[in-house]
Amino acid sequence: MFRKILIANRGEIACRIAATCRQMGVATVAVYSDADAHAAHVAMADEAMRIGAAPVAESYLQGARILEAARATGAEAIHPGYGFLSENPDFAALVEEAGLRFIGPPAAAIRAMGLKDAAKALMESAGVPVVPGYHGAAQEPALLARNAQEIGYPVLIKARAGGGGKGMRRVDAPADFAEALASAQREAQAAFGDPAVLVEKYVTAPRHIEIQILADSHGHVVHLFERDCSLQRRHQKVIEEAPAPGMTEAVRKAMGAAAVEAARAIGYVGAGTVEFIADGSDGLRPGGFWFMEMNTRLQVEHPVTEAITGLDLVALQLRIASGAPLPFAQSDLRIDGHAFEARLYAEDVPHGFLPAAGRLSHLVFPPGAAFRNAPLRIDSGVQQGDVISPFYDPMIAKLVVHAPSRAEALTRLGAVLAGCELAGLTTNLGFLAALARHPGFVAGKVDTGLIARDLDQLVAPKPVSDLAIGVAAIAALGLLCGHRGLDPWDRLVGWRAWSEARHTVRLRSGEAELLRSVVVLGPDRYRIEEGERSFDLRIDCDAQGLRVVFCGQNRRISVIGSRAAVTVVLDGTDHVFALPDPLAVGGEADAESGVVLAPMPGLVRLVSVAPGAAVAKGDTLIVLEAMKMEHNLTAPRNGILVEIQAEVGQQVDAGAVLARLAPAERTGAEDSDG
């Protein structure tokens, strides 16, 4: 076994690897960028070395610097985690050439599966079923369009390199093919340095089911059953589970055998995942699944497999890389219960799942284990006070639950989501909770189109309760627990000699402005008034936090305040109330103003129209790349484009004005100096 390894990654996965190494007595070396100097993975490691500036191209993708760090610290092996250099065959080869061990498959195996077109051809020759499509080398747009027509719409354009949904577009009609192809190629070039794509038949009721495999250097290959990853948005996974709902023993056996055969065909060693697309229109069946791709690394969702098998995949990776044989055969493996993993992200769900950045001012999870199997497991690489950077994936945590049955695990997942408290930036917590309650998901009727079909329902805002508004108003006035000091005068909060103490506060929830009056009735007691409506409440402070007594109910609440906003966490839902500055001057930020702003820091990849052009609401004006994904910035209304303040290749800040529109009846000259 290794004495010391270097972890060539960051965030949650670097922490997860370090946790297993600590249990095994293996010392760890972390690498970090300037943005991660005080990150959790740096603190968890025994040693840490800086490798560059914040952008990934200047740090975590610098293979030579990572090798220098390994040599300087005496590391014997390098674990790449997932993402970054984990599926780069040249890096794997350089590690081995340097006399170190790469904790992953051989470079030849990574290369064989790195390009989807070549991988599919290889799988066909090995007898593994493959989705019908065009997997050739020629990339002329006209040729690809003809193949799409022959395959039959809908089709899926996919980058031949990489994964994670990048460079992937569904196309439903020939008229949309050229634009989708150009967008997929740009995103593939930006993410993987390779614009080539393949075109496949889009399965109309697709289920994304993958098989976890393990292979040692002694010729033994086993599978650790399946994971269902069908709940996706923009081709990226949201909630995964194991085993797959509706899976039969016949399909599991056939799919597992195909995955093992795929691994054998490329001489695979280590942990990997063979991904299949299954036709879920008429239930899972042995002839109804096809090879999609192989991920030659550890997957983000590996904890659900660990939960149902009781294994530690990172520990097994280390043992395999050190030359040890697998400690079990296929017949020794069993499925125990059911597990879900929900990915908690900093992202703005209603606005197209845009990544969010900012400081995590408040973060509380329900009690659970970290990086090891338990009924509730929480794997995270951030902590309260950390900044979610625009340079990296905006994951906050992976919430993993395990129970004897799917129904019990789903109930536990709902409770865990309700028990999370976050403030400071926008997250997908409410979306995850809505998804966990979705009737189709609850019934196990899942496919990759579920979220897109029911997105409006899943992102529909809940009505803000009177209670949440009332508590926010009290907090905004600074009246919460104001009498808890030792000075007896502290108990006179809100006291007036001749009348009730009445305060007026203005809040903003989304687009709605809320005006409330707060009457202080005495210590802990308040009346909230809105016109003729009013209600009383009492707020008690104790060692565990706050409790509110309202309409005969006693409920736990959390309140997180800042200069700009108050967040009230009630019944697992975060209600954010902005505190408008009465001295602030309003700007042109709404749709009617015709101003297009950058929703996040990013790189301008495409400017679609020139000043003077007439545009319709929803037309793409600018394509912005952020966190390795492309985001279309569209016209907020019909009009004439009078100004573009963005150039291809320009890095822009969040909130930057990128374009201005004038109403269609006005000219560009009339609006040029606005």
Lys/Arg N to Asp/Glu carboxylate O, [X] vs [Y], below 4.0 Å:
X      : Y      : result
Glu226 : Arg207 : no
Arg285 : Asp279 : yes
Arg10  : Asp36  : yes
Glu341 : Arg377 : no
Arg359 : Asp386 : no

Test your reading of the model: is there a side-chain donor-acceptor pair from [X] to the backbone of [Y], 3.5 Å cut-off?
X      : Y      : value
His223 : Met255 : no
Asn428 : Glu347 : no
Asp379 : Phe371 : yes
His218 : His220 : no
Glu240 : Lys237 : no
Glu76  : Lys4   : yes

What are the two closest non-hydrogen atoms of [X] and [Y], and how far apart are they?
X      : Y      : answer
Cys420 : Asp574 : O-OD1, 4.3 Å
Leu417 : Leu429 : O-CD1, 3.7 Å
Gln457 : Pro439 : NE2-CD, 4.3 Å
His575 : Ala468 : CD2-CB, 3.8 Å
Thr567 : Ala423 : OG1-CB, 3.8 Å
Val222 : Ala329 : CG1-C, 4.1 Å

When you check the side-chain N and O atoms of [X] and [Y], is any donor under 3.5 Å from an acceptor?
X      : Y      : answer
Thr411 : Glu408 : no
Thr309 : Arg334 : no
Tyr392 : Ser33  : yes
Arg297 : Gln299 : yes
Asp393 : Tyr82  : no
Thr20  : Asp312 : yes

Yes or no on side-chain contact (heavy atoms from CB on, under 4.5 Å) for Leu480 and Ile539, after CA distance, side-chain angles and deciding distance? CA-CA 8 Å; Leu480 282 181; Ile539 297 179; 3.4 Å; yes
In Å, rounded to the nearest 0.5 Å, how long is the span from [atom1] of [X] to [atom2] of [Y]?
X      : Y      : atom1 : atom2 : result
Leu326 : Leu333 : CG    : CG    : 9.0 Å
Ser230 : Lys445 : OG    : NZ    : 15.0 Å
Gln553 : Leu467 : CD    : CG    : 9.0 Å
Cys229 : Glu301 : SG    : CD    : 4.0 Å
Arg252 : Ile211 : CZ    : CD1   : 8.0 Å
Tyr32  : His41  : OH    : NE2   : 9.5 Å

With a 4.5 Å cut-off on side-chain heavy atoms, are [Y] and [X] touching?
X      : Y      : answer
Val274 : Glu210 : no
Leu231 : Leu450 : yes
Ile7   : Val29  : no
Ile560 : Val566 : no
Ile66  : Leu85  : yes
Leu214 : Asp216 : no
Met395 : Glu12  : yes
Ile557 : Arg547 : no

Could you check whether atom [atom1] of [X] has more than 12 heavy atoms from other residues, nucleotides or ligands sitting under 6.0 Å from it?
X      : atom1 : result
His38  : NE2   : no
Arg453 : CZ    : yes
Arg556 : CZ    : yes
Arg406 : CZ    : yes

For Thr305 and Arg227, run side-chain hydrogen bond (donor to acceptor under 3.5 Å, both in side chains): C-alpha distance rounded to whole Å, both residues' side-chain angles, the deciding distance at 0.1 Å, then the answer. CA-CA 7 Å; Thr305 294; Arg227 299 185 288 257; 2.8 Å; yes
Dump the intermediate steps for side-chain contact (heavy atoms from CB on, under 4.5 Å) on Gln317 and Leu298, then the final yes or no. CA-CA 9 Å; Gln317 282 186 299; Leu298 200 64; 3.8 Å; yes
Quick one: do Thr296 and Glu87 satisfy side-chain hydrogen bond (donor to acceptor under 3.5 Å, both in side chains)? Show the steps, please. CA-CA 6 Å; Thr296 53; Glu87 293 182 282; 3.3 Å; yes
Examine Phe353 together with Phe431 and report whether their ring centres are nearer than 6.0 Å. yes
Would the Phe441 and Phe340 ring centres measure less than 6.0 Å apart? yes
The test is side-chain hydrogen bond (donor to acceptor under 3.5 Å, both in side chains); show your working for His302 and Gln212 and say whether it passes. CA-CA 8 Å; His302 75 273; Gln212 176 72 58; over 6 Å; no
Geometric class of the Phe276/Phe291 ring pair [parallel <30°, tilted 30-60°, perpendicular >60°]: perpendicular
Residue pair Met1, Leu318: steps toward the side-chain contact (heavy atoms from CB on, under 4.5 Å) verdict: CA-CA 8 Å; Met1 179 51 63; Leu318 266 64; 4.2 Å; yes
After noting the C-alpha distance and the side-chain angles of Gln236 and Tyr345, does the key distance pass the side-chain hydrogen bond (donor to acceptor under 3.5 Å, both in side chains) rule? CA-CA 12 Å; Gln236 291 190 311; Tyr345 278 101; over 6 Å; no
Please evaluate residues Val300 and Arg343 with respect to the criterion side-chain contact (heavy atoms from CB on, under 4.5 Å), reporting the C-alpha separation (whole Å), side-chain torsions for both, the decisive distance (0.1 Å), and the verdict. CA-CA 9 Å; Val300 177; Arg343 302 187 186 189; 3.5 Å; yes
